[in-house]
Engineer: 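Before anything else, here's the structure in question.
For reference, positions follow the sequence shown, starting with 1.
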Amino acid sequence: MEASRAPHLTHHLSTIENVETDSRRRTSPGNFTFTQKLTLAIVPRLVWALLTAVGHTWRFEVLAEEGVTPAFHGFTPAREIYCFWHQCVLACAFYYRRTNATILISHSFDGELITRTLELFGYRAVRGSSSRRGHEGLLALRRVLDEGRPAIFTADGPRGPVFRAKMGPVKLAQLTGAPIGAFHLQPQHAWTLSSWDRFQIPMPFTRIAVSWGLWTMVSEEATAEELVPLRGQLDVALDRARERAIAHLGMKTS
C-alpha cells in the first residue's frame with residue numbers, strides 16, 4: 001500500500017468504528033423514557049406477529065424488465081445495493097425476510113423501533129441518515145459490502161420528497177463498485193396513509209406485484225457532476241418498476 005494512502009484508509013476505518021460506537025450510545029436503553037422503553041419491548045414483536053400472520057395470506061407475482069433477472073423470496077443476496085420506495089416497506093420487509101441484508105436507519109426513537117422490528121425478520125441495521133451523518137453511514141455500509149453482504153436503501157427516505165431518490169445509494173455504488181438494483185412491491189388492495197410517502201398497508205389476501213427495474217451501474221471514477229444524472233437514472237428505474245407493477249395489476253397510476 002502506498003504510504004500516502006495509508007493515513008486516509010486509517011481515518012476511514014477509525015470513522016467506521018466511531019460511528020458504530022456512537023450508534024450504540026445513541027440507542028442505549030438509558031436514552032429513552034419509560035414509555036418509550038415499554039413501546040420498544042412490546043411493539044416490534046406485535047408488528048412482527050401481525051405482519052407474519054397477514055403476510056402469509058398475500059399472493060406475490062414477480063415480473064421484471066427485459067434482460068433483468070428478478071430476485072425471488074428466499075434468494076441468497078450478493079455484494080449488491082438494493083433500492084425501493086419508502087411506501088412499500090411492509091411488503092418488502094415480509095417478502096425479502098431472512099436475507100441478512102443491511103439497511104440504513106436513522107438515529108431516533110422511530111429508527112430504533114424500526115430496527116428492532118426488522119431484526120425479527122432477519123435484517124441488520126446500520127444507524128445513520130441520508131441527510132445527517134450520511135458520510136459515516138455510507139462508510140459503515142461500505143464495510144458491509146466489502147464483507148460480501150447486500151445493502152438496502154429506502155431510496156426516498158426518511159422524509160422524502162416522495163419518489164425521488166437520495167444521493168446515498170449512488171455515492172455508495174461509487175465507493176464500492178457495487179451495482180444498484182431497483183424494485184417495487186405494489187399491493188392491489190391496500191390502506192394508503194396520508195403521509196409524505198403515501199405509505200401502504202396491504203390488505204389480507206391481496207395480490208402483490210414484485211416488479212424489478214433496470215440496474216444502475218456507477219463507475220468508481222465518476223465525478224460529482226456525473227453522479228447527478230445517475231441518480232436520475234435510478235429514479236427512472238424505480239418509477240418504471242412501480243408503473244409496471246401497477247399496470248400488471250390492472251390499476252391506475254396515482
Engineer: For a quick test of reading the model, state the closest non-hydrogen atom pair linking Gln200 to Ala190 and the distance between them.
Structural biologist: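 Heavy atoms of Gln200 and Ala190 come nearest at CB-CB, 4.3 Å.
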Engineer: Where is the tightest heavy-atom contact between Phe205 and Thr57, given as atom of each residue plus distance?
Structural biologist: N-OG1, 2.9 Å
Engineer: With rounding to the nearest 0.5 Å, note down the distance linking CD in Glu220 to OG1 in Thr176.
Structural biologist: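 It is 7.0 Å, given to the nearest 0.5 Å.
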Engineer: Within the side chain of Ser211, is there an N or O that forms a donor-acceptor pair under 3.5 Å with the backbone of Ala241?
Structural biologist: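 Side chain of Ser211 to backbone of Ala241, a donor-acceptor pair under 3.5 Å: yes, one is there.
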Engineer: For a side chain to side chain contact (heavy atoms under 4.5 Å, CB included) check, start with the C-alpha distance between Lys252 and Ile246, then their side-chain angles and the critical distance, and finish with the verdict.
Structural biologist: CA-CA 7 Å; Lys252 294 182 179 180; Ile246 291 172; 5.8 Å; no
Engineer: If we ignore hydrogens and angles and just use 3.5 Å, is the side chain of Lys166 paired with the main-chain N or O of Gly160 as donor and acceptor?
Structural biologist: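 Yes.
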Engineer: State whether the side chain of Thr52 and the backbone N or O of Ala49 hold a donor-acceptor pair below 3.5 Å, judged by distance alone.
Structural biologist: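 Absent.
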Engineer: From the options Tyr82, Tyr123, Phe183, select the one residue that forms a ring pair (Phe, Tyr, Trp, His ring centres under 6.0 Å) with Tyr96.
Structural biologist: Phe183
Engineer: Can you tell me how far the CG atom of Leu238 sits from the CD atom of Glu243, to the nearest 0.5 Å?
Structural biologist: 11.0 Å
Engineer: Considering non-hydrogen atoms only, spot the tightest contact between Gln87 and Arg198 and give its length.
Structural biologist: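 Here Gln87 and Arg198 meet closest at NE2-O, 3.2 Å.
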Engineer: When you check the side-chain N and O atoms of Ser195 and Asp197, is any donor under 3.5 Å from an acceptor?
Structural biologist: yes
Engineer: Evaluate the ring planes of Phe121 and Phe94, with Trp represented by its six-membered ring, and classify them as parallel (under 30°), tilted (30 to 60°) or perpendicular (over 60°).
Structural biologist: perpendicular
Engineer: In Å, rounded to the nearest 0.5 Å, how long is the span from CZ of Arg45 to CG of Leu120?
Structural biologist: 5.5 Å
Engineer: Write down the atom of Leu172, the atom of Arg142, and the distance for their closest heavy-atom approach.
Structural biologist: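 Nearest heavy atoms, Leu172 then Arg142: CD1-N, 3.8 Å.
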Engineer: May I ask you to decide if Ala165's main-chain N or O and Asp156's side chain share a donor-acceptor pair within less than 3.5 Å?
Structural biologist: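 Flag not set: sc Asp156 to bb Ala165 has no pair under 3.5 Å.
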Engineer: Roughly how far, to the nearest 0.5 Å, is CG of Leu234 from OG1 of Thr216?
Structural biologist: 4.5 Å
Engineer: Would you be so kind as to tabulate the donor-acceptor pairs closer than 3.5 Å made by side chains of residues 63-71, with sequence neighbours excluded?
Structural biologist:
from: Glu65; atom 1: OE1; to: Arg240; atom 2: NH2; distance (Å): 2.9
from: Glu65; atom 1: OE2; to: Arg240; atom 2: NE; distance (Å): 2.8
from: Glu65; atom 1: OE2; to: Arg240; atom 2: NH2; distance (Å): 3.0

Engineer: For the atom pair NE2 (His86) and OG1 (Thr154), what is the distance rounded to the nearest 0.5 Å?
Structural biologist: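 Spacing of NE2 (His86) from OG1 (Thr154) equals 4.5 Å.
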Engineer: Is there a path of hydrophobic side-chain contacts, each under 4.5 Å between heavy atoms of I/L/V/M/F/W/Y residues, joining Ile114 to Ile201?
Structural biologist: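 Yes, Ile201 and Ile114 fall within the same hydrophobic cluster.
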Engineer: Please work out whether the ring planes of Phe60 and Tyr95 are parallel, tilted or perpendicular, with thresholds of 30° and 60°.
Structural biologist: tilted
Engineer: When you measure from the side chain of Gln36 to the backbone N and O of Thr33, does any donor-acceptor pair fall under 3.5 Å?
Structural biologist: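 Checked: pair present.
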Engineer: Which pair of heavy atoms, one from Ile81 and one from Pro169, lies closest together, and at what distance?
Structural biologist: CD1-O, 3.9 Å
Engineer: Could you tell me whether a side-chain N or O of Arg127 sits under 3.5 Å from a main-chain N or O of Leu104, the two making a donor and an acceptor?
Structural biologist: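 The answer is no, because no donor-acceptor pair under 3.5 Å joins these two groups.
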Engineer: Rounded to the nearest 0.5 Å, what's the gap from CZ on Arg207 to CG on Leu249? Could you check?
Structural biologist: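 These two atoms lie 5.0 Å from each other.
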Engineer: Looking at Arg116, is its backbone amide N or carbonyl O close enough to the side chain of Glu119 to form a donor-acceptor pair, meaning the two atoms are under 3.5 Å apart?
Structural biologist: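 No, the answer is negative, given that no donor and acceptor are paired below the 3.5 Å cut-off.
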Engineer: Treating Thr115 as the side-chain partner and Gly111 as the backbone partner, does any N or O pair qualify as donor plus acceptor under 3.5 Å?
Structural biologist: yes
Engineer: Just checking, any donor-acceptor pair under 3.5 angstrom between side chains of Thr102 and Arg149?
Structural biologist: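 Yes, side-chain donor-acceptor contact under 3.5 Å.
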Engineer: Would you say Ile42 and Leu113 are hydrophobically clustered, going by side-chain heavy atoms of ILVMFWY under 4.5 Å?
Structural biologist: no
Engineer: Using a strict threshold of under 4.0 Å (side-chain N to carboxylate O), is an ion pair present between Glu147 and Arg79?
Structural biologist: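 Salt bridge flag = no for Glu147 with Arg79.
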Engineer: State yes or no: do Val236 and Val228 share one hydrophobic cluster built from I, L, V, M, F, W and Y residues joined by side-chain heavy-atom distances below 4.5 Å, directly or via other members?
Structural biologist: no
Engineer: Treating Trp58 as the side-chain partner and Met203 as the backbone partner, does any N or O pair qualify as donor plus acceptor under 3.5 Å?
Structural biologist: yes
Engineer: What heavy-atom pair brings Pro158 and Trp196 nearest, and what distance separates the two atoms?
Structural biologist: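 Residues Pro158 and Trp196, closest heavy atoms: O-CZ2, 3.2 Å.
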